[in-house]
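This chain uses plain numbering: 1 for the first residue, then up along the sequence. Predicted model only: the values in this text are computed from it and were never measured.
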Amino acid sequence: MSNLPVGAAALSRALRSGELSSVDATREYLARIERDNPRLKAFVHVDAEAALAQAREADGRIRTGVPLSALDGVPIAAKDNIDIARMPAAGGIQHYRNVIPKEDAFVIASLRDAGAVFLGKLNMHEGALGGTTDNPWFGRCENPLRAGYTAGGSSGGSGAAVAAGLCAAALGTDTLGSVRIPAAYCGVAGIKPTYGLLSTRGVMPISWTLDHVGYLASTIDDLRLMMRVSTQFDRDWPLAREAPYSTSWIRNRDSMGGLRVGVLQEFPGTVIEPDVRKAYEDAMRAVQDAGATLMPLSLRDFAFDKMRRDCLLLIEMEGAAVHSEAIAADPSGFSAEFRSMIAYGAKQTAARAVQSYQRLRQLRAMLDEAMRGVDVLLLPTAAQTAFPFSPTPPVNQADLCGIANILEAPAGCIPWGTGQSGMPTSVQIVGRRFEDDQVLDVLRCMERLAPRK
């Protein structure tokens, strides 16, 4: 079934029209995984029997006219740090390889209630603490667009699986860009919602302060579908937030007239590849030609590299609270690099921790002030395109994504042409808290303007 519709939304329409069945779609994805995963190493666990059983149940509901949701029968997959009952949940770490959760993470339970079919678990950077998914325990996840190139991280398996057509959509997590970076490198779309809208209960943490659950998919319509069926208030999660989506911007407008788009002329403290800067400038011209007003922003006294270092220190400190005890009991179950980063976090003093948290609070206040006069912020997604695997990857991979995590604000990205290397470039939209729909609306308009592949 090589003509399987691309993406969750298109597949949903095909299932409801009777054009194909969920069982047919699931078998096709499983066949693709069997064929391509030995090369890509996007999946670390596949449960074909359970997936086909779920698909048969979905077909029965659709046939009798009582689907659970628009997602009923659509095959998806989840990053390995998100619990799916009766599937391994190692978080990319050898020590936890035999952990089998008895219950779904809250977001998985919401998707299961909507009828989603779960194909399996996806590869990731060890412990979600890195940006290449060159995993020492589960294998190096290859970018489907070019052999020997990273798919990004930490949700690299999610980006690779979507780009290779191994699932209709995928769940990832985003602590400092870990959904958006793989989306950018693999040429797909991604969304990190407002902090607290998607529960992280049942997700292996690396930083409670910055962790988000998000989605990677082929189109913005796919992301909207996934968000719509899974954004539910989790009363048992202390960080949950219940707020309606903003309706301040009319959905699916053909014109971006009246939209105030914040843009940056300079990126102090980081180096943007020429191809990425060119794509960003092209995107600015496109949204302006479509009727938006560009609003140059000046982030005075802001440096992307300092922001990244403060965030990374916080992640290492909070990650130490998660993993230090297990590392002490079983050091060989963690890579030397991971142990080193966690050890660095563990040795920080209380005063250093307080200073780090305070600096991030100040950064957030400054960014809030800069965003006050605009509707959304347009940025490149990553400072570079996907690169060959190397012992020393670029240190600034997450520099342009961290703003949204600090703001606890929604941020989504789409492909925007290709660089001279032939690898995708990408741009992102950052919105105000709880205006997730506006972010998706703007991205959907931009999707129509983006250079064709």
Side-chain angles (χ1 to χ4, degrees), residues 129-131 152-154 174-178 180-181 184 192 195 206-207 209-212 261-281 283-284 294-319 341 344-345 348-349 351-374 376-385 387 392-409 411 413 425-433:
L129 194 50
S154 62
D174 191 310
T175 304
L176 204 60
S178 289
R180 289 161 286 156
I181 292 167
K192 179 206 78 64
Y195 184 82
I206 189 64
S207 170
T209 300
L210 298 173
D211 287 347
H212 298 66
V261 179
V263 295
L264 299 182
Q265 305 298 328
E266 301 296 333
F267 299 88
T270 195
V271 177
I272 310 296
E273 279 188 358
D275 285 347
V276 172
R277 184 174 286 276
K278 180 177 181 299
Y280 182 52
E281 292 170 351
M284 285 194 286
L294 298 185
M295 310 282 289
L297 299 182
S298 176
L299 300 180
R300 66 181 187 279
D301 302 324
F302 179 87
F304 283 92
D305 55 341
K306 291 181 181 177
M307 176 198 69
R308 179 223 318 142
R309 288 196 292 269
D310 274 328
C311 288
L312 185 57
L313 178 61
L314 183 151
I315 292 166
E316 289 169 332
M317 289 188 297
E318 295 187 352
M341 296 176 79
Y344 185 77
Q348 301 306 311
T349 64
R352 180 77 185 276
V354 169
Q355 290 170 355
S356 181
Y357 283 108
Q358 181 62 18
R359 279 197 299 271
L360 288 176
R361 286 175 66 89
Q362 292 169 347
L363 273 180
R364 173 171 165 167
M366 185 192 71
L367 292 168
D368 270 332
E369 180 61 29
M371 291 278 289
R372 202 175 301 279
V374 301
V376 295
L377 174 62
L378 172 65
L379 291 170
T381 306
Q384 60 284 118
T385 57
F387 48 85
T392 55
V395 297
N396 67 339
Q397 285 179 264
D399 279 10
L400 304 176
C401 290
I403 284 175
N405 296 80
I406 292 170
L407 283 170
E408 300 185 351
C413 64
T425 47
S426 173
V427 293
Q428 64 174 321
I429 290 290
V430 180
R432 291 188 289 244
R433 286 182 288 281

Could I get the full list of side-chain contact (heavy atoms from CB on, under 4.5 Å) partners for [X], not counting sequence neighbours?
X    : answer
L313 : E316, M317, Y344, Q348, R352, S356
S426 : A184, T381, C413
V261 : L259, V263, A292, L294, V376, L378
K278 : none

Give the minimum heavy-atom separation between [X] and [Y], together with the two atoms involved.
X    : Y    : value
I272 : R277 : CG2-N, 3.8 Å
A370 : L297 : O-CD2, 3.6 Å
Y357 : L314 : CE2-CD1, 3.4 Å
V430 : A409 : CG1-CB, 4.2 Å
T175 : I206 : OG1-CG2, 3.6 Å
T385 : V276 : N-CG2, 4.2 Å

For M284 and V427, run side chain to side chain contact (heavy atoms under 4.5 Å, CB included): C-alpha distance rounded to whole Å, both residues' side-chain angles, the deciding distance at 0.1 Å, then the answer.
CA-CA 10 Å; M284 285 194 286; V427 293; over 6 Å; no

When you look at N405 and C311, which way does the side chain to side chain contact (heavy atoms under 4.5 Å, CB included) test go after all the steps?
CA-CA 9 Å; N405 296 80; C311 288; over 6 Å; no

I want to check something: taking the side chain as every heavy atom from C-beta on, are [X] and [Y] in contact at a cut-off of under 4.5 Å?
X    : Y    : result
L312 : L129 : yes
L299 : P268 : no
L363 : I403 : no

Does anything in residues 360-374 pair up under salt bridge (charged side-chain N to carboxylate O under 4.0 Å, His left out), and if so which pairs, sequence neighbours excluded?
R364-D368, R364-E408, D368-R433, E369-R372

Keeping to residues at least two apart or across chains, list the salt bridge (charged side-chain N to carboxylate O under 4.0 Å, His left out) pairs with something in residues 302-314.
D305-R309, R308-D399, D310-R359

Please state whether the rings of Y280 and F267 are parallel, tilted or perpendicular, taking 30° and 60° as the class boundaries.
perpendicular

If you round to the nearest 0.5 Å, how far is [atom2] of [Y] from [atom1] of [X]?
X    : Y    : atom1 : atom2 : value
Q384 : L400 : CD    : CG    : 8.5 Å
E266 : F304 : CD    : CZ    : 10.5 Å
L367 : L377 : CG    : CG    : 9.0 Å

Among H212, K192, R180, find the one that has a side-chain hydrogen bond (donor to acceptor under 3.5 Å, both in side chains) with D174.
R180

If the condition is side-chain hydrogen bond (donor to acceptor under 3.5 Å, both in side chains), which residues does S178 pass it with, not counting sequence neighbours?
S154

Under the 3.5 angstrom rule, does the side chain of N396 hit a backbone N or O of V271 as a donor-acceptor pair?
yes

